[in-house]
There are 2 protein chains.
Amino acid sequence: MSDNIRRNMPLFPIGTVMSLTELSARQIRYYEEHGLVNPARTEGNRRLFSFNDVSRLLEIKDLIDQGVNMAGIKKILIPNPTESDEEEKEEKVVKKELSDNELRKLLKDELIQAGRFNRTSLRQGDMSRFFH
Amino acid sequence: MSDNIRRNMPLFPIGTVMSLTELSARQIRYYEEHGLVNPARTEGNRRLFSFNDVSRLLEIKDLIDQGVNMAGIKKILIPNPTESDEEEKEEKVVKKELSDNELRKLLKDELIQAGRFNRTSLRQGDMSRFFH
DNA sequence: ATATGATGTTAGATTTTATAACACGAAAAA
DNA sequence: TTTTTCGTGTTATAAAATCTAACATCATAT
C-alpha cells in the first residue's frame, strides 16, 4: 500500500546508483533522456533515484545484456504507448523490424521482469518512519 | 542472513539522511564524532550512510526528543563499554550522575529501542541484486 | 558567574554531479 | 561499400553538495 510511496522515495544520488547497477553515469542519463527513468531532482538539480528507479535500471541492464536495443526496451518498459509523439513513431518502426521470434522473446522477458519486480516488496519494518 | 549486509550497504549521502531523519548536518557529524554512527566514506571522503546508520540516527533523535543527553545516549546505544578509553571515562562519570529513576527510564528506552529495531527486517525482494 | 554541552553559522577547499559537445566503433541503411 | 545511426566514452566548464575547522550562542550545570 504505502510500499509504493517507499519505493518511490528519492534517495540515491547518481554515484550510488552507478555502483548499485554497474551502469555508467552516461548510460543512466541516456536512459533518462529516452524516458526510461524519471529520477527526482534536488533543489540544486542533482538527480535523486528511488528504489523503483534502481529496479528500472536493473531491468534495463538485463535487457541490454540480452542484446535488446533502446527501441525494444522502450517497447517493453514503457506501458502506455499512446502519450508521447516522438517515441510513438520510433516504436512503430521498431515493431515492423522485430520478427515473431524476437517479439516472443521480448514478451517472455517482459513477463519475467514483471514477475520479478512485482515481488519486489521492500518491506522494511521501520521504513514507516521515513515518512512524515 | 544477508539482510545484515543489505542494511549495512553504504547508500545515502548526508543530504538524504538529513531529510530522512530531520537532523542537521551538524548534528549528524557531531553524533559521529561521539562514535554513535560510523558512516562509510567515498573515495573522496564524503559520508555514505547505510539503513542501519539511518536507523541509528532515528534512535538517537528519539532519545534526544525525550531529553536524553549524549552521555545517556552513549550508554544506551554503545553495546560494549570496554573498548574505548576516552568514552569509558565519560560513561563512568555519567553513571554516577544518573538517579535510579533516570536509570530505569533509560533501561526502558533501551528495551523499547532494541525491540523496535530488531524487527527492522528490510526484506526487499530484489535487494539481492545489489550485491556483486 | 563560569564552564560545559549541543547546535548554528561561516569560510575555504574538495568532491560530485550537471550539461553540452565531440569522438568512436559496431550495426544498420543506403 | 560507403554512409548513418546508435549507444557509450571522454572532456570541458559550471554549479551544487559536502568536508573540516573555527567561532558564536544559548541553555544547563557547577
Side-chain angles (χ1 to χ4, degrees), chain A residues 10-49 53 57 60-75 86-87 89-91 93-94 96-99 102, chain B residues 10-49 53 57 60-75 86-87 89-91 93-94 96-99 102:
Chain A
L11 297 175
F12 312 112
I14 200 169
T16 296
V17 176
M18 287 171 67
S19 63
L20 246 32
T21 62
E22 293 176 288
L23 292 168
S24 69
R26 184 69 165 89
Q27 286 177 297
I28 295 169
R29 297 191 192 110
Y30 183 74
Y31 303 148
E32 180 188 19
E33 230 175 83
H34 284 262
L36 294 176
V37 282
N38 290 310
R41 299 283 181 138
T42 66
E43 284 187 9
N45 200 38
R46 270 79 238 271
R47 273 167 264 252
L48 275 188
F49 298 78
D53 291 325
L57 289 169
I60 294 169
K61 200 196 177 190
D62 275 1
L63 294 172
I64 290 280
D65 289 347
Q66 293 175 90
V68 183
N69 64 10
M70 280 297 98
I73 296 177
K74 284 183 197 176
K75 249 328 213 184
E86 197 78 44
E87 267 77 308
K89 244 187 298 171
E90 286 185 274
E91 285 169 12
V93 174
V94 176
K96 285 191 298 184
E97 288 160 358
L98 291 174
S99 71
E102 289 174 307
Chain B
L11 297 174
F12 312 112
I14 200 169
T16 296
V17 176
M18 287 171 67
S19 64
L20 246 32
T21 62
E22 293 177 287
L23 292 167
S24 69
R26 183 68 165 91
Q27 287 177 294
I28 295 169
R29 296 191 192 110
Y30 184 73
Y31 303 148
E32 180 189 20
E33 230 175 84
H34 284 261
L36 294 176
V37 283
N38 290 309
R41 299 281 182 140
T42 66
E43 284 186 10
N45 198 38
R46 269 77 239 270
R47 273 167 263 253
L48 275 188
F49 298 78
D53 291 325
L57 289 169
I60 293 169
K61 201 196 177 189
D62 276 0
L63 293 172
I64 290 280
D65 289 347
Q66 292 174 90
V68 183
N69 65 9
M70 280 297 98
I73 295 178
K74 283 183 196 176
K75 251 324 209 186
E86 197 76 45
E87 266 77 309
K89 242 186 301 171
E90 286 185 273
E91 283 167 15
V93 173
V94 176
K96 285 191 298 185
E97 289 160 358
L98 290 175
S99 72
E102 289 174 307

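- Between the CD1 atom of A:Ile28 and the C1' atom of C:dT19 there is a distance of 16 Å, given to the nearest Å.
- In this structure, CD of A:Gln27 is placed 13 Å from C1' of D:dC6, rounded to the nearest angstrom.
- In terms of phosphate contacts, A:Tyr30 brings a side-chain nitrogen or oxygen within less than 4.0 Å of OP1 or OP2 of D:dG7.
- At least one side-chain heavy atom of A:Tyr31 sits under 4.5 Å from a side-chain heavy atom of A:Met70.
- For B:Val37 against B:Glu32, the heavy-atom pair with the smallest separation is O-CG, 3.4 Å.
- Note that OG1 of A:Thr21 is 9.5 Å distant from CD1 of A:Ile60, once rounded to the nearest 0.5 Å.
- To the nearest angstrom, P of C:dT7 lies 10 Å from CG of B:Asn69.
- Annotation: side chain of B:Lys75 is not in contact with side chain of B:Val68 (no heavy-atom distance under 4.5 Å).
- Taking atom CG on A:Leu36 and atom C1' on D:dG7, their separation rounds to 13 Å, with Å as the unit.
- Between A:Arg46 and A:Arg41, the closest side-chain pair of non-hydrogen atoms is not below 4.5 Å.
- At whole-Å resolution of the value, CG in B:Leu11 and P in C:dT16 are 16 Å apart.
- At D:dG7, none of the side-chain N or O atoms of A:Tyr31 fall inside 4.0 Å of OP1 or OP2 (strictly under the cut-off).
- What separates CZ of A:Phe12 from P of C:dT16 is a distance of 18 Å, to the nearest Å.
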Protein-to-nucleotide contact annotation, 5' to 3' order, nucleotides 11-20 of chain D [B base; S sugar-phosphate only; - none; under 4.0 Å, heavy atom]: ----BBBBBB
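- Between the C1' atom of D:dT25 and the CZ atom of B:Arg26 lies a distance of 12 Å, rounded to the nearest Å.
- Annotation for B:Asp53 and B:Asn38: closest pair OD1-N, 4.1 Å, computed over non-hydrogen atoms.
- Atom CD of B:Glu33 and atom P of C:dT4 are 17 Å apart (whole Å).
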